[in-house]
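Structure record follows, encoded as structure tokens.
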Protein chains: 2
Amino acid sequence: MPTSVRERVRAELTAEITAAARRQLAEVGAAGLSLRAVARELGMASSAVYRYFPSRDSLLTRLITDGYDALGAAAEDADDPAAPPRERWLAVCRAVRSWARAHPHEYALLYGSPVPGYAAPRDTVPAAARVGVVLGRVLGDAARSGTLPATAGDHRDPELVSDETAAVLGGEHPALDDAVRLRALLAWSALYGTISFELFGHLVGSVADTDRWFEVAMGELVGLVGL
Amino acid sequence: MPTSVRERVRAELTAEITAAARRQLAEVGAAGLSLRAVARELGMASSAVYRYFPSRDSLLTRLITDGYDALGAAAEDADDPAAPPRERWLAVCRAVRSWARAHPHEYALLYGSPVPGYAAPRDTVPAAARVGVVLGRVLGDAARSGTLPATAGDHRDPELVSDETAAVLGGEHPALDDAVRLRALLAWSALYGTISFELFGHLVGSVADTDRWFEVAMGELVGLVGL
DNA sequence: CACCGTCAAGAGCAGTGCTCTCGGTTGCGT
DNA sequence: ACGCAACCGAGAGCACTGCTCTTGACGGTG
């Protein structure tokens, strides 16, 4: 392939750029990410980078989708379909936290305040849903195996809300109770809140042993969803 | 007071600067906040602003503390000590969400990803704790009035974790069960996660009626803390 | 071999945070 | 009551940013 040698070196250089950008992201954060700095690190002119990424935002978008992919992969790897559902759920939650702690700036890029003037394109949506899909699969398997107890109709109006959540959590598992989906989405929000609080330093004076705190919190949440 | 006329105009100009900064914050976000732009809006040279705020970060710090104060005041105003504890708790949660929706950029500044290279000084800590104090007071009153049921010792090791959380949630109410404090902190994290998910657009495809979603979610959480 | 697309480089524009210097004013202590 | 000192605003300037445009060179293709 004559043309592909060109494409090969282009793909390699693109990878080098994203790698350098990720490195710089870990140092100065998302808002401080400088296209010129990554060019400097790679020893080329800043204008040359624009041959590969038409704008700084597009580079950021790439980092975001890559981040979602990495987080989703971590969640999928942590899910052992042979384990009991409760352990599966907890393992996924722990994997998400571990990934967040290992890549705090990337996590902040994904779930922190949106970059002003930057709107995440639609490309990011499927990648972002991967973690939710994993959690939904755990719930669906639990429901099929009967591990998930049928929730009493104690909720006031589940059907009116859960219809929209079905697309994300357990969408392919109609066996899932509406109330369960709802609580699962709440648990996902709570997981996000717990991790963000820890990472963004909002419980520095409140909790000393964050590892144990996370375990206890997840124990409460997994009970909330019914596992 | 001869000296205070100078101090007065200084205080007024400082207030004008912060007001203009808050206005700009609502438009372009925290990272896009430009010291030159606020100077332009006020019709003065950019260098003059440095007489009042030694750096852009110090201006940001002021906006942060002001934001925590406003949020804390909103939470305190929403708390009616005469109402039943469950309603008090829900009212505070609703007030926090309302304030966040009314001031999304300020909320993002407070609870979003930390600005890179900027470390929140210690001044922000007491202001940040006001909402937690309100929630703690509700729990403490509930415990004293007997509305808060004594939680069974079903938790594995509450005393090891809750000791550190006491400083924030219900610190002045030793009657509070350790497990309750723990769940309160978890509920506060979940509240934060729920609001952030909504504000940061992480459930655009999942939940359509965010108002009802929030009500249902808070209904679950208030049950979690035992109210 | 000639050609033409692709690429890196550099200059340049508008904007940023921040520093410094320059006058002018204001207020306090002597 | 006067002079000194602190304060204040304006402007120029530095180093940096994202981004655009033009220039020139290299290399795969017909």
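In what follows, chains carry the letters A, B, and so on, assigned in the order in which the sequence lines appear, proteins first and then strands, with residues in each chain numbered from 1. Quick note: numbers below take in every heavy atom, side chains included, and nothing from hydrogens, waters or symmetry partners.
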Inset, instruction - Could you tell me whether A/L13 contacts a base, only the sugar-phosphate backbone, or nothing, with contacts defined as non-hydrogen atoms closer than 4.0 Å? - result: sugar-phosphate
Inset, instruction - For A/L42, report the nucleic acid contact type (base, sugar-phosphate, nothing); a contact means any heavy atom under 4.0 Å. - result: nothing
Legend entry - Side chains of B/S113 and A/S113, donor plus acceptor under 3.5 Å: yes
Side-chain donor-acceptor contacts of residues 29-42 of chain B below 3.5 Å, not counting sequence neighbours, with atom names and distances?
| residue | atom | partner | partner atom | Å |
| --- | --- | --- | --- | --- |
| B/S34 | OG | B/R36 | N | 3.3 |
| B/S34 | OG | B/A37 | N | 3.0 |
| B/E41 | OE2 | B/R23 | NH1 | 2.1 |

Inset, instruction - Determine, for A/R62 against A/D66, whether the closest basic-nitrogen to carboxylate-oxygen distance falls under 4.0 angstrom. - result: yes
Legend entry - Carboxylate-amine/guanidinium proximity below 4.0 Å for A/D80 and A/R88: no
Give the minimum heavy-atom separation between [X] and [Y], together with the two atoms involved.
X: A/F200; Y: B/G112; result: CD1-O, 3.6 Å
X: B/S55; Y: B/Y50; result: CA-CE2, 4.3 Å
X: B/T14; Y: B/F53; result: CG2-CZ, 3.8 Å
X: B/V134; Y: B/A75; result: CG1-O, 4.0 Å

Inset, instruction - Could you list the residues that satisfy salt bridge (charged side-chain N to carboxylate O under 4.0 Å, His left out) with A/E198, not counting sequence neighbours? - result: A/R97, A/R101
Inset, instruction - Could you identify which residues of residues 15-26 of chain A place a heavy atom less than 4.0 Å from some atom of DNA chain C, listed by residue number, or say none? - result: none
Inset, instruction - Could you check which residues of residues 49-56 of chain B get a heavy atom under 4.0 Å from DNA chain C? Sort them by number, please. - result: B/Y50, B/R51, B/S55, B/R56
In whole angstroms, how far is the [atom2] atom of [N] from the [atom1] atom of [X]?
X: A/R10; N: D/dG28; atom1: CZ; atom2: C1'; answer: 16 Å
X: B/E12; N: D/dC7; atom1: CD; atom2: P; answer: 19 Å
X: A/L35; N: D/dT17; atom1: CG; atom2: C1'; answer: 10 Å

Legend entry - Among C/dT16, C/dA9, C/dC7, the one nearest A/M44 by side-chain distance: C/dA9
Inset, instruction - Can you sort out the partners of A/Y107 under ring pair (Phe, Tyr, Trp, His ring centres under 6.0 Å), two or more places apart, ordered by chain and number? - result: A/Y111
Under-3.5 Å N/O pairs linking protein and nucleotides 11-15 of chain C:
| residue | atom | partner | partner atom | Å |
| --- | --- | --- | --- | --- |
| C/dG12 | O6 | A/R36 | NH2 | 3.4 |

Legend entry - Among A/L110, A/V131, A/L63, side chain to side chain contact (heavy atoms under 4.5 Å, CB included) partner for A/Y68: A/L110
